[in-house]
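These notes concern the structure reproduced below.
In the text below, chain A, chain B and the rest are named by the order of the sequence lines, each starting its count at 1.
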Amino acid sequence: MRLSKAFIPTQKEMPADATIPSHQLMLRAGLMRQLTAGVYAYLPLGYRAMLKAMQILREEMNAIGGQEFFLPALNPEALWIQTGRRNVPNFILSIKERDLVLAPTHEEVIAWIGGMHIQSYKDLPQIWYQIQTKFRNEPRPRSGVLRGRQFIMKDSYSLDRSFEDLDKSYEDHAEAYRKIFARCGLKFFEVKASSGAMGGSGSQEFMVESESGEDTVALCEKCHYAANMEIASSNVSPIGRLHDGERVEEIHTPNVRTIDQLAAFLKVDQSRLAKSLVYRHDGKPLLILMVGNDRLNESKLVAALGGGELEPIEAGQLEALTGADGGSIGPVGLKGFRIIADKRLEGANNLISGANRNDYHLANIDLQRDVAVDGYFDLRTIEDGEPCPQCGSRIKISHAIELGHIFKLGTKYAEALNVSYLDENGEKKPVVMGSYGIGVERIIACHIEQSRDEHGIIWDKALAPYAVHIVAVSMNNKDIVLISNQLYNKFSDEGVEVLFDDRPNVSPGFKFKDADLLGMPFQIIVGEKGLKNHQVEVKRRKTGDRRLVPVGDVVKDVKKMLHE
RNA sequence: CGGAACGUGGCGCAGCCCGGUAGCGCACUUGCUUGGGGUGCAAGGGGUCGCGGGUUCAAAUCCCGCCGUUCCGACCA
C-alpha cells in the first residue's frame, strides 16, 4: 500500500479522552475512531491487525477440530428468558421495536441448534465456534477497546457426552489458547477463576499483567500459583483456641464503632475481634463473621451461598433486626439470622464481638459454645505479601487484563433448552457443554500495552498490519524514487505485506516519526546517503538497530528475518 | 446507579470569574523554500461556542433543564 493513497490518519497530538497507552496509540496511529461510548470504528490499519488475530484464532480452533459458524446477533428475547439470563443485570441490550435482543454471547443459540440436531452419542463430541460481534449493556465502558458495548469475540462451545469428555475438550481449548497467545507474541499467564453468572464447575482465565487492567490477580513469587482475586486464597493462620472456660461478659465500649477503635480501646490484637457484617440473602437476614479487619470477598460469599441475591441491610433496619446499630452487632443471642463465618474463625474462642446493644461488646465468646454457626467458609480477600497456599512464598497482587476465559458449563444450558442424546443403552442424557471466549480487540490492545515505546507501537510480525514499511526519504530524488519503487514491487511480488511512504513534499523527519508511530517490524529507509553505495538502511523497529544492506539483498534479507 | 470534571473550526486548547468584534497551536489549501528525526516564510479557507429555555439593550461568558464524553466508585460472563 502506498501511503500517498492510504487512509491512515495519524495524529501527533494526544487524544484528550484516551488515558491508557493502547487507547492513545490506537487512535494516534489511525487504527480506529470512537463512534460513541464503548463503540469503535476500525479503520483499515486497525482492521488488518484484527484480521491477523482472527486468522490465528481460526487456525488454532480448526486444529482442535473446531467448526466455524456464523450466528445471528439478533436473538428472540424468549430464548434468553428460557435460560433465565434475560434479566442478568447489565448484560443484554435490546431492540426497542421488536422482542429481539442483541446477543451478548451465544450459549443459547448453540444450545438451540444442538437441541434440534444432536440425537445420538454418535453425534458427539462437537466443537463449534464463531468469530463475531457481541453486544453488552456495559454500564461504564472504559479503557478504550478493553471494555466496550460492542466487541468481537471468538467464542467456542464444546458438546460432549460426559464430564470426562468435557475435561478433554476443556484441556484441548486450554492448549489451543496457549498456542494462540504465544503466536500473537503476548506474555500471558493463567489463573483459576470464578465462573460467576455463567454457572458451571470450573474455569480459568488467560491474563496479561497490566497497570491498565481491571482484574486483580494473586500471583505467587515462587511457584505457579495464580488466581483471580475473586477466588484467591492464602495460607494465613486460623485464630484457633486459647485457654478455655471463661464466661461471656459484657463490656462497655462507648462510641466505639470500628474494629480499629475497638482494638485501641480495649488494647487487644485485632485477631481476637470478630467483625459482624449483615446482609440479606434472598431476602433473609445473614450475619457474616470475619476476623478483625479482614475484608469480605463478595465473590467468595456468593459462591459459598450457592448463588442467590445478596444485598446489604439498610442502616435504618439494623436496630429493629438486631437490637443495635452497626458497630455493636454480634452473633451471640442474635435471633432470625443465619450465621456463617470465615474459615480463620473455625472453632475459635476468646473472641470479642458486638453485644447487639449499642455501646456494648461481648468478650470471651466461644463460637463452639455460644454461637450456632451454620458453616465456615473461606470468605476473606487476601492481602499482598501473604503466604502462598501452595508453597508459602509471598503472594503478589497485581492488575491484569482478561484475554480469554474458559468454562466448564456442565448441563445447565442443555437442561434449560433440552439438548440431549441417547447413549449406547438407549438412555436419554443431557449434553455436557463448555464455553470458551477470547476478545479479539483485547488481543490487539494487550499487545500494544506490552509492546510500545515513547515513539509508538512496536508490532509483532504476527499481528503487524504490514511487515515492512519503506520510507522514501525524498520523492524529489530520481534514484530514491526508482529504488524504493523497485523494492516496493519486489516485496509485493514476493508476498510480503508492505507499506510504502511515497508521499511527496513530506519531510524525512515527518516520515520517520510516522513510521515509528505505526510500528511495522521492519523499516526500509531509502535515502541519498545509502544509495551512494547502492545500499539502503534496514531498521528493526523493536530494537532500533539499523543496518546498511545492498539494494539487491534487501528483500531476501528481510524475508529471512521475518521467518526467524 | 452515586461522586467529579469537561463540551469553543478536523485534533489539542485559551477566552467564561469580571457579559460588549471568537482566538492560539497543529492539521488543511495555494505559492515559494527545505530535504536523514514532526523544515521555514507568506497568503488563505473553515466555528449557529453540545442542545433547549431564561435573565439582559446585549450571552461562548450569568441562571435552569436536557444531551454527550471522560475519570473515580458501584457493577462486570
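- Using a 4.0 Å heavy-atom criterion, one finds that A:Lys539 contacts the bases of the nucleic acid, with or without backbone contacts as well.
- Ion pairing between a basic and an acidic side chain is recognised when a charged N comes within 4.0 Å of a carboxylate O; A:Asp282 and A:Lys284 show no such pairing.
- At a threshold of 4.0 angstrom between heavy atoms, the contacts of A:Asp516 include nucleobase atoms, whether or not backbone atoms are also involved.
- Within the nucleic acid shown, A:Arg33 has no heavy atom closer than 4.0 Å to any nucleic acid atom.
- Nucleotide B:rC26 is matched to B:rG10 when pairs are restricted to Watson-Crick or G-U wobble geometry with both distances under 3.5 angstrom.
- Donor-acceptor pairing under 3.5 Å, judged by distance alone, is absent between the side chain of A:Gln11 and the base of B:rG10.
- Base pairing of B:rU39 is not made with any nucleotide, judged by Watson-Crick or G-U wobble geometry with both donor-acceptor distances under 3.5 Å.
- Between A:Leu296 atom CG and B:rA74 atom P the separation is 14 Å, expressed in whole Å.
- With a 3.5 Å ceiling on both atom-pair distances, the Watson-Crick or G-U wobble partner of B:rG2 is B:rC72.
- Ion pair A:Arg547/A:Asp553 not flagged as a salt bridge, since none of the NZ, NE, NH1 or NH2 atoms sits closer than 4.0 Å to an Asp/Glu carboxylate oxygen.
- Side-chain contact check for A:Leu403 versus A:Met207: every heavy-atom pair is 4.5 Å or farther apart.
- If you take CG of A:Asn505 and P of B:rG40, they are 15 Å apart, rounded to a whole angstrom.
- Nearer to the 5' terminus of RNA chain B, by closest-nucleotide assignment, is the contact made by A:Thr36 (compared with the other of A:Asn90 and A:Thr36).
- The aromatic rings of A:His405 and A:Phe407 lie parallel to each other, with less than 30° between the two planes, well short of the 60° mark.
- Ring pair A:Trp128/A:Phe69 is tilted by interplanar angle, where 30° to 60° counts as tilted.
- By the 4.0 Å N-to-carboxylate-O rule, A:Lys539 lies close enough to A:Asp516 to be salt-bridged with it.
- Using a 4.0 Å cut-off, some side-chain N or O of A:Arg140 falls inside it from OP1 or OP2 of B:rC71.
- Two residues are said to be in side-chain contact when any heavy atoms from C-beta on lie closer than 4.5 Å; A:Phe188 and A:Gln450 fail this criterion.
- Nucleotide B:rA58 forms a pair with no other nucleotide shown, judged by Watson-Crick or G-U wobble geometry with both contacts under 3.5 Å.
- B:rU69 atom P lies 13 Å from atom NE2 of A:His23, rounded to whole Å.
- Heavy atoms of A:Val471 sit nowhere under 4.0 angstrom from any nucleic acid atom.
- Where A:Glu298 and A:Val526 each meet RNA chain B at their nearest nucleotide, the meeting point lying more 5' is that of A:Val526.
- In this structure, A:Phe151 places its CZ atom 15 Å from P of B:rC76, rounding to the nearest Å.
- Between A:Asn297 atom CG and B:rC75 atom P the separation is 11 Å, expressed in whole Å.
- Between the P atom of B:rG68 and the CG atom of A:Leu35 lies a distance of 13 Å, rounded to the nearest Å.
- The shortest distance between the side-chain N/O atoms of A:Thr19 and the OP1/OP2 oxygens of B:rU70 is not below 4.0 Å.
- B:rC51 sits 24 Å from B:rG12 when the C1' atoms are compared, rounded to a whole Å.
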Original post:
Checking side-chain contact (heavy atoms from CB on, under 4.5 Å) for the pair A:His173/A:Glu60: CA distance, chi angles, key distance, verdict?
Top reply: CA-CA 9 Å; A:His173 275 87; A:Glu60 296 300 335; over 6 Å; no
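- Heavy atoms of A:Glu537 sit under 4.0 angstrom from at least one base atom.
- Rounding to whole angstrom units, CE of residue A:Met229 and P of B:rC75 are separated by 14 Å.
- Contact of A:Arg147 with B:rC76 (side chain to base): a donor-acceptor pair of N or O atoms is detected under 3.5 Å.
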List, with names and distances, any nitrogen or oxygen atoms from the protein found under 3.5 Å away from nitrogen or oxygen atoms belonging to nucleotides 25-29 of chain B.
residue	atom	partner	partner atom	Å
B:rG25	N2	A:Glu13	OE2	2.5

**OP:** Carefully, step by step, assess A:Ile8 and A:Leu499 under the rule side-chain contact (heavy atoms from CB on, under 4.5 Å).
**Re:** CA-CA 11 Å; A:Ile8 303 175; A:Leu499 197 60; 4.0 Å; yes
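- Distance NZ (A:Lys511) to C1' (B:rU39): 14 Å, rounded to an integer number of Å.
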